[in-house]
2 protein chains.
Amino acid sequence: MTDRHIDVHKAHDHEACIDTALARARALCDDRDVQLTPIREKVLAIVWKSHKPVGAYQVLDELARTHKAARPPTVYRALDFLIAEGLIHKIESLNAYLGCGEAGVAHTSQFLICRVCGTTEEIVDPKLDHALDAAARRARFTVERKMVEIAGLCGRCAG
Amino acid sequence: MTDRHIDVHKAHDHEACIDTALARARALCDDRDVQLTPIREKVLAIVWKSHKPVGAYQVLDELARTHKAARPPTVYRALDFLIAEGLIHKIESLNAYLGCGEAGVAHTSQFLICRVCGTTEEIVDPKLDHALDAAARRARFTVERKMVEIAGLCGRCAG
DNA sequence: GGCGGATTGTTATGTTGTATCATCGCCGGC
DNA sequence: GCCGGCGATGATACAACATAACAATCCGCC
């Protein structure tokens, strides 16, 4: 496999980004015997159009261009499916959705969200993950879902 | 100062909890020369009625019992003030608000949210905080706001 | 007395997310 | 062949969360 950990802040071949994500999604759904239907795939492609979280109604607007019957439930059902399959994440502090760069790999939601350009980078930091687990264990808490969202300035926007 | 790190999952004198929070808020606002007006204090008291995050419209319903003119902006303005002064936190994954147990002390938002009973514990974990900073630094990211929300089962509900 | 800033009142609207029931297409059992 | 079930989608309505914009009020201060 090629290195998927690209720097989202730098110029890169984003078409390839999207293609990789879609191909990966198809493979994962196939493995799991779940259906990546045309609607779901279109929604996934829309979410992947950038490295910025996208709102559900923004997805709806895009989807409606090629799918006139699209309504809020159409979009939310697709988003729910994609989240359940680990293909996208919800960014809670923005009520928006972002393609998962680590689909198929167990990991925690950890994000760096640039306040200026909106670009949101998913990071995978085992030490941070371990610190989360340790904190929960200390409080006798059984972890089901971990959310880490760090807002601020990306290197490009700060520099 | 008495130990304010009580175990929110255990039975405790919650009236004292509220009183402490309100007294602390009054003192902090006084120090800072900002006004903890009756509306703001009422909203703070409502948020502190439990250790579960409370929605803005739930606050509105409560507030309206004693303050007929209350409307959504009334509540959101009070909540915004309380957040700005560090007296409450917003729990992003629930769109709800929780009294801050560490008001006046610089700290990161770190929460353990029980899916069953709703009780949400604020934790202050310097190691976790450091791990967040380290992860951001590694990505050349300037941190402005850190949010950690861990959802799952509290010790009581896990059995 | 009146100016200015902070707070609250008031109305309307924008944004995000769900409930509910109907319909469709497919596939396997009989 | 057909029928029953299931997963997916269509369609309407509504609930929940949040803000815009402007008016009115209060209060300290010159």
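Residue numbers begin at 1 in each chain, while the letters A, B, ... track the order of the sequences.
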Could you tell me the separation between the [atom1] atom of [X] and the [atom2] atom of [N], rounded to a whole number of Å?
X: B:D61; N: D:dA16; atom1: CG; atom2: C1'; answer: 12 Å
X: A:E92; N: C:dT15; atom1: CD; atom2: C1'; answer: 16 Å
X: A:L94; N: C:dT16; atom1: CG; atom2: P; answer: 10 Å
X: B:K68; N: C:dG9; atom1: NZ; atom2: P; answer: 14 Å
X: A:K42; N: D:dA8; atom1: NZ; atom2: C1'; answer: 15 Å
X: B:Q35; N: D:dT25; atom1: CD; atom2: C1'; answer: 13 Å
X: B:L60; N: D:dA15; atom1: CG; atom2: P; answer: 16 Å
X: A:D33; N: D:dA8; atom1: CG; atom2: C1'; answer: 16 Å

What's the closest nucleotide to the side chain of [X] if the choices are [options]?
X: B:T74; options: D:dG10, C:dG9, D:dG7; answer: C:dG9
X: B:P73; options: D:dT19, D:dT12, D:dG7; answer: D:dT19
X: A:Y76; options: D:dT9, D:dT12, C:dG17; answer: C:dG17
X: A:R71; options: D:dT12, D:dA18, D:dT9; answer: D:dT12
X: B:T37; options: C:dA6, D:dG10, C:dT8; answer: C:dT8
X: A:A56; options: D:dC17, C:dG17, C:dT10; answer: C:dG17
X: A:A69; options: D:dA11, C:dA6, C:dT8; answer: D:dA11

Is the shortest side-chain N to carboxylate O distance from [X] to [Y] below 4.0 Å?
X: B:R40; Y: B:E85; value: no
X: B:K49; Y: B:E62; value: yes
X: B:E149; Y: A:R145; value: no

**Pair of N/O donor and acceptor under 3.5 Å linking D:dG10 base with A:R77 side chain** =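 Yes.
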**Message:** If you go through the side-chain atoms of B:Y57, does one of them form a donor-acceptor pair with the base of D:dA18 closer than 3.5 Å?
**Reply:**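 Such a pair exists between side chain and base.
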**Request:** Map B:P72 and B:V34 onto DNA chain C by nearest heavy atom, then report which one ends up closer to the 5' terminus.
**Result:** B:V34
**Request:** Can you tell me which stems involve DNA chain D, if a stem is defined as three or more consecutive Watson-Crick or G-U wobble pairs, both distances under 3.5 Å?
**Result:**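 Output for stems: C:1-30 with D:1-30.
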**Request:** State, without any angle test, whether B:E92 and A:S93 hold a side-chain donor-acceptor pair at a distance under 3.5 Å.
**Result:**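 The answer is no; no qualifying pair exists.
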**Request:** Quick one: label A:K90 by what it contacts on the DNA or RNA (base, sugar-phosphate, nothing), any heavy atom closer than 4.0 Å.
**Result:**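 The residue A:K90 makes sugar-phosphate contact but no base contact.
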**Prompt:** With sugar-phosphate meaning primed atoms plus P, OP1 and OP2, does B:Y97 contact a base, only sugar-phosphate, or nothing at under 4.0 Å between heavy atoms?
**Reply:** sugar-phosphate
**Message:** Strictly below 4.0 Å: does A:H67 bring a side-chain N or O up to OP1 or OP2 of D:dT9?
**Reply:**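 No, outside the criterion.
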**Asked** Counting just side-chain N and O atoms, does A:N95 come under 4.0 Å of either OP1 or OP2 of C:dG17?
**Response** yes
**Message:** Around atom CZ of A:R140, are there more than 12 heavy atoms from other residues, nucleotides or ligands closer than 6.0 Å?
**Reply:**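 No - once you tally the heavy atoms of other residues, nucleotides and ligands closer than 6.0 Å, there are 12 at most.
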**Asked** Got a sec: does the NE2 of A:H12 have more than 12 other heavy atoms crowding it under 6.0 Å?
**Response**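 Above 12, so yes.
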**Message:** Under a 3.5 Å distance rule, please check whether A:H14 uses its side chain to pair with a backbone N or O of A:W48 as donor and acceptor.
**Reply:** yes
**Item:** Test item: B:E122 side-chain N/O and B:G101 main-chain N/O as donor-acceptor pair under 3.5 Å
**Value:**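 Answer holds: yes.
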